[in-house]
There are 2 protein chains.
Amino acid sequence: MRIGELADKAGVSTRALRYYEEQGLLRSQRTSSSQRVYEESAADRVRLIQELYQAGLGSRLIVTLLPAIDAGEVGPELLTRLLDERAQIEAKAAVLQDAGRRLDMLIRLATHPDGQSCPSSLDQAVAQDSVSP
Amino acid sequence: MRIGELADKAGVSTRALRYYEEQGLLRSQRTSSSQRVYEESAADRVRLIQELYQAGLGSRLIVTLLPAIDAGEVGPELLTRLLDERAQIEAKAAVLQDAGRRLDMLIRLATHPDGQSCPSSLDQAVAQDSVSP
DNA sequence: CTTGCCCTTGACGTCAACGTCAAGTCCTAG
DNA sequence: CTAGGACTTGACGTTGACGTCAAGGGCAAG
C-alpha cells in the first residue's frame, strides 16, 4: 500500500507518516520512482506510535523503545528510563484524577444548590472520595 | 515578597511567573515603581498551577479552572464547560493509564526475560489486563 | 556616588509534532 | 493521450511554555 492508504487506515495524515520516517520510527520500501510502499502491518505500527505519543512520550524515547518492543528485550538502561516515565505518567494521572474530583465537587455544588450541606470544603470532600473508590 | 523570592519558593523561574500573570493565572500587587509584590499564599498557587501544567492541561483550561476551584460557585454556563472539560480530563487520564499498562508490560518483558510466553503481543496483554484490574 | 544585585518591559529564540503551501513527478481511468 | 488525483522533496508556519538577551530603572551597602 502507498502512503495515502496507510494514512487512511491508521487515521493520521501523510505528513505525519513522513515525519515518523524522518524520525526513524517508521520504515518504507520505495518504488523505482521513490514512492513509499508499506506492508499491511504498518497500520498497526503507526497506531502503536500514535498511542505512545498520546501517552506523552517523545520521539527520541519512542525511537529507542520500538526496537525494544519488537525484540521483546529491554536493556537495564532503557528499563530505568521506562520506570521513570512510568512514574511521571502515574503522577500526571493522579493530578488529573484529583482535578477531576475537584470538578465533580463543583458540579455537585452547582446542581445541588443547597448551600448548607457542603460548606465548599473541597479538599475534605476530595480526601473522603479518594479513600473509597 | 518580590518575584525572585517567590520563584525560589515555588521552584520556577521569574519568567514563568510573569508568563502566568500574562495568562491571567496569577495576580500581583505593584509597588510605586512597578515591582511585583506577592503574598505568601502565592507559592501554593504557583505549585498548583505547575501541577496542572504537569498534568498536560493548557493555560486556557487552567485559567477557567482556577476561579471555579477557589470560588466554589458555578453558573450554568460555566457548568457546561466544566462538564465538557471533565470529560476531556477523564479521556486524558484513561489514555495515560492505558499507556502506563503498556509500559508495565514492557517492564515485565524486560524483567522476566522468558522469551517464550509473551510473543511481543502487547495489545493482547493490555486487553487481558484491562478486564481484570 | 558608585558598585552590584534585583527588578521592569520588549522582543526574539526554542522545541516538538506536525500543518500548509509550492513546484514538480507519477499513475490510473477514460 | 490526457486529465486529475496521488505522490515526491523542500521549506516555511503554528502553538505553548517558557529561555534568553537587551536596555534601562530601583535601591541598599560601602
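Protein chains get the first letters and strands the later ones, always in sequence-line order, with residue 1 at the start of each. Every heavy atom of this structure was used, including side-chain atoms; hydrogens, water molecules and symmetry mates were not.
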Using atom [atom1] of [X] as one end and atom [atom2] of [N] as the other, report the distance to the nearest whole Å.
X	N	atom1	atom2	answer
B/Q50	D/dG16	CD	P	17 Å
B/L57	D/dT15	CG	P	20 Å
A/L61	C/dC15	CG	P	18 Å
A/I62	C/dA17	CD1	C1'	11 Å
B/E5	C/dC6	CD	P	12 Å
B/Q23	D/dG16	CD	C1'	9 Å
B/L17	C/dC6	CG	P	15 Å
A/Q35	C/dC26	CD	C1'	5 Å

Item to check | Any A/R60 side-chain N or O less than 4.0 Å from OP1/OP2 of C/dA17 | outcome: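 Negative; the distance criterion is not met.
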
Next on the checklist: OP1 or OP2 of D/dA17 versus the side-chain N and O atoms of B/S59: is any pair under 4.0 Å?
Outcome noted: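 It does, given that an N or O in the side chain of B/S59 lies less than 4.0 Å from OP1 or OP2 of D/dA17.
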
Checklist entry - When you measure from the side chain of A/Y20, which nucleotide among D/dG16, C/dT8, C/dC18 comes out closest? => result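 Nearest nucleotide to the side chain: C/dC18.
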
Item to check | Per A/Y19 side chain, nearest of listed nucleotides C/dC18, D/dC18, D/dC7 | outcome: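 Side chain of A/Y19 sits closest to C/dC18.
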
Item to check | Lys/Arg N to Asp/Glu carboxylate O, B/E22 vs B/R27, below 4.0 Å | outcome: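 B/R27 and B/E22: not salt-bridged.
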
Counting any heavy atom closer than 4.0 Å, what does [X] reach on the DNA or RNA strands: base, sugar-phosphate only, or nothing?
X	answer
A/R36	sugar-phosphate
B/T14	nothing
A/R18	base
B/T31	nothing

Checklist entry - Taking for each residue the nucleotide of DNA chain C bearing the nearest heavy atom, is the 5' side occupied by B/G4 or by B/R15? => result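 The residue whose closest nucleotide sits nearer the 5' end is B/G4.
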
Item to check | Candidate pair A/L26 and A/Y38, rule side chain to side chain contact (heavy atoms under 4.5 Å, CB included), full reasoning | outcome: CA-CA 10 Å; A/L26 187 63; A/Y38 302 93; 4.0 Å; yes

Checklist entry - How do B/A16 and B/R2 order along DNA chain D: which one's closest nucleotide is nearer the 5' end? => result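 Nearest nucleotide further toward 5': that of B/A16.
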
